[in-house]
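Let me begin by presenting the structure, written as structure tokens, before commenting on it.
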Amino acid sequence: MKEIIIATKNQGKVKEFEALLAPIGFRVHSLLDYPDSIDVEETGKSFEENAILKAEAIAMQYQRMTIADDSGLAIDYLGGKPGIFSARYAGPEKDDQANINRVLEDLSDVHSLLDRSASFICGLALSIPGEKTKTVVGTCEGYIATEPQGENGFGYDPIFILKNRNQTMANLTKEEKNRISHRADALKKLLEVIKQS
Ligand SMILES: O=P(O)(O)OP(=O)(O)OP(=O)(O)OC[C@H]1O[C@@H](n2cnc3c(O)ncnc32)[C@H](O)[C@@H]1O
Ligand SMILES: [Mg+2]
């Protein structure tokens with residue numbers, strides 16, 4: 001079995017990567033298994049830049065193949081915010097519920113669903129010691145709901161209504177989310193890039 005580190009402390013991401021990568025022969029480790037991992041500051045200007053920073057630092061520290069994920073929600077009405085600041089949108093505690101509340105508050109004057117369009121975006125970086133880092137970006141289109149709905153997933157999932165479906169991401173089973181999410185899209189692209197290299 002191939003060993004890979006996912007350079008994240010986000011339990012929601014870890015579970016999704018395990019479900020996506022185990023069937024293709026990877027044993028997934030995350031930073032939750034490595035309490036001494038260095039804390040990488042997300043100082044990049046894009047999802048990809050931040051993913052590169054996280055992947056390269058952790059691949060270097062443990063000398064092992066590492067994928068990092070930097071992701072978030074881009075709301076058109078807010079000019080793409082919260083974007084790369086999604087995790088800390090309501091403060092440094094990275095509280096999902098507080099983040100959701102801030103987004104709903106930001107859009108409280110926007111009544112038409114069409115004006116509440118948004119994308120989930122996932123930047124992935126793959127760093128293998130001694131090789132050039134590879135990056136991809138995946139997306140998933142939708143709209144911001146007026147109130148949370150659904151119990152599954154994590155983060156902003158309860159307020160993200162999927163395009164062409166009358167459901168939020170949190171209404172989906174984990175299998176369905178892993179077929180259509182921004183993370184699944186990005187990982188598909190990353191596997192293509194690996195195949196071609
Ligand atoms: O940096 P790491 O350790 O990976 O963990 P993090 O939670 O800080 O992750 P990010 O910096 O990439 O911030 C991602 C933000 O976007 C949200 N997010 C990312 N993917 C999501 C998804 O699939 N569903 C809902 N929210 C998501 C997530 O809740 C965070 O608020
Ligand atoms: Mg982060």
Side-chain angles (χ1 to χ4, degrees), residues 1-74 82-89 91-96 99 119-140 153-157 169 174-175 177-197:
M1 221 181 211
K2 293 165 279 185
E3 310 274 330
I4 192 163
I5 300 175
I6 308 299
T8 182
K9 291 183 179 149
N10 181 318
Q11 180 77 63
K13 290 185 188 178
V14 175
K15 284 194 189 139
E16 292 181 11
F17 277 107
E18 276 169 352
L20 289 161
L21 290 171
I24 53 169
F26 285 94
R27 188 194 303 278
V28 170
H29 305 270
S30 79
L31 300 186
L32 302 172
D33 309 316
Y34 292 89
D36 64 344
S37 69
I38 48 174
D39 205 16
V40 185
E41 259 195 87
E42 296 175 13
T43 53
K45 292 190 176 60
S46 65
F47 294 108
E48 281 166 288
E49 277 180 30
N50 282 333
I52 292 169
L53 291 172
K54 293 189 271 192
E56 290 186 346
I58 297 301
M60 174 83 92
Q61 184 178 6
Y62 297 111
Q63 289 299 306
R64 181 169 282 183
M65 184 193 313
T66 302
I67 288 178
D69 167 314
D70 200 63
S71 45
L73 185 63
I84 59 170
F85 305 109
S86 292
R88 295 175 175 79
Y89 197 44
E93 308 78 20
K94 301 211 266 182
D95 180 326
D96 287 345
N99 286 336
S119 315
F120 267 135
I121 303 177
C122 175
L124 294 183
L126 169 68
S127 173
I128 300 174
E131 292 186 21
K132 192 173 177 319
T133 301
K134 298 177 168 67
T135 62
V136 291
V137 178
T139 57
C140 182
F154 67 95
Y156 295 95
D157 283 342
M169 196 75 113
K174 48 186 187 305
E175 291 79 16
K177 181 176 176 186
N178 276 339
R179 271 196 293 275
I180 63 153
S181 75
H182 48 311
R183 185 158 297 108
D185 181 43
L187 199 54
K188 223 176 289 160
K189 290 174 176 162
L190 187 60
L191 295 175
E192 273 307 308
V193 170
I194 294 170
K195 248 191 245 161
Q196 284 158 16
S197 67

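Note: hydrogens, waters and symmetry copies are ignored here, and every other heavy atom, side chains too, is used.
- Note that CD1 of I4 is 7.5 Å distant from CD1 of I128, once rounded to the nearest 0.5 Å.
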Quiz item: Given I67 and F26, is the side chain to side chain contact (heavy atoms under 4.5 Å, CB included) satisfied, shown in steps?
Solution: CA-CA 12 Å; I67 288 178; F26 285 94; over 6 Å; no
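- In this structure, A74 and I121 approach most closely via the heavy-atom pair CB-CD1, 3.9 Å.
- A pairwise comparison of heavy atoms in A125 and A55 identifies O-CB, 3.6 Å as the closest pair.
- Closest non-hydrogen pair, V136 versus E48, comes out as O-CG, 4.2 Å.
- S86 pairs by the side-chain hydrogen bond (donor to acceptor under 3.5 Å, both in side chains) definition with nothing, not counting sequence neighbours.
- Distance check, rounded to the nearest 0.5 Å: CD of E16 to CG of N178 gives 5.0 Å.
- Atom CD of E3 sits about 5.0 Å away from atom CZ of R64, to the nearest 0.5 Å.
- In this structure, the side chain of N50 engages the main chain of G44 through a donor-acceptor pair within 3.5 Å.
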Exercise. For the pair Y156 and N99, evaluate side chain to side chain contact (heavy atoms under 4.5 Å, CB included) and give the outcome as yes or no after the intermediate values.
Key: CA-CA 8 Å; Y156 295 95; N99 286 336; 3.3 Å; yes
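- Using bins of under 30°, 30° to 60° and over 60° for the plane-to-plane angle, the ring pair Y62/Y34 lands in the tilted bin.
- Taking every heavy atom of both residues into account, K45 and E49 meet most closely at N-OE1, 2.8 Å.
- Residues L126 and V193 are not in side-chain contact: their nearest non-hydrogen atoms beyond the backbone lie 4.5 Å or more apart.
- For Q11 against L32, the heavy-atom pair with the smallest separation is OE1-CD1, 3.5 Å.
- Salt-bridge formation is detected for the pair E42/K54: a Lys NZ or Arg NE/NH1/NH2 atom is positioned less than 4.0 Å from an Asp or Glu carboxylate oxygen.
- Applying the 6.0 Å contact sphere to NZ of K134 captures more than 12 heavy atoms from other residues, nucleotides or ligands.
- Atom CD of E175 is surrounded by more than 12 heavy atoms from other residues, nucleotides or ligands within 6.0 Å.
- Taking a cutoff of 4.0 Å between a charged side-chain nitrogen and a carboxylate oxygen, E192 and K189 do not qualify as a salt bridge.
- When only modelled atom types and interatomic distance are considered, S71 and D69 share a side-chain donor-acceptor pair under 3.5 Å.
- The shortest distance between side-chain heavy atoms of I6 and L21 falls below 4.5 Å.
- With rounding to the nearest 0.5 angstrom, the CZ atom of F154 is 8.0 Å from the CG atom of D96.
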Quiz item: Stepwise, does the side chain to side chain contact (heavy atoms under 4.5 Å, CB included) test hold for S37 with I58?
Solution: CA-CA 7 Å; S37 69; I58 297 301; 4.1 Å; yes
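- Between H182 and S119 the shortest side-chain heavy-atom distance does not fall below 4.5 Å.
- Here the closest heavy-atom approach between residue F17 and residue V28 is recorded as O-CG2, 4.1 Å.
- Once rounded to the nearest 0.5 Å, the distance linking CD1 of I38 with CG of L31 reads 9.5 Å.
- D157 is listed as a side-chain neighbour of F120, based on a closest heavy-atom distance under 4.5 Å.
- Residue L53 holds its CG atom at 5.0 Å from OG1 of T43, rounded to the nearest 0.5 Å.
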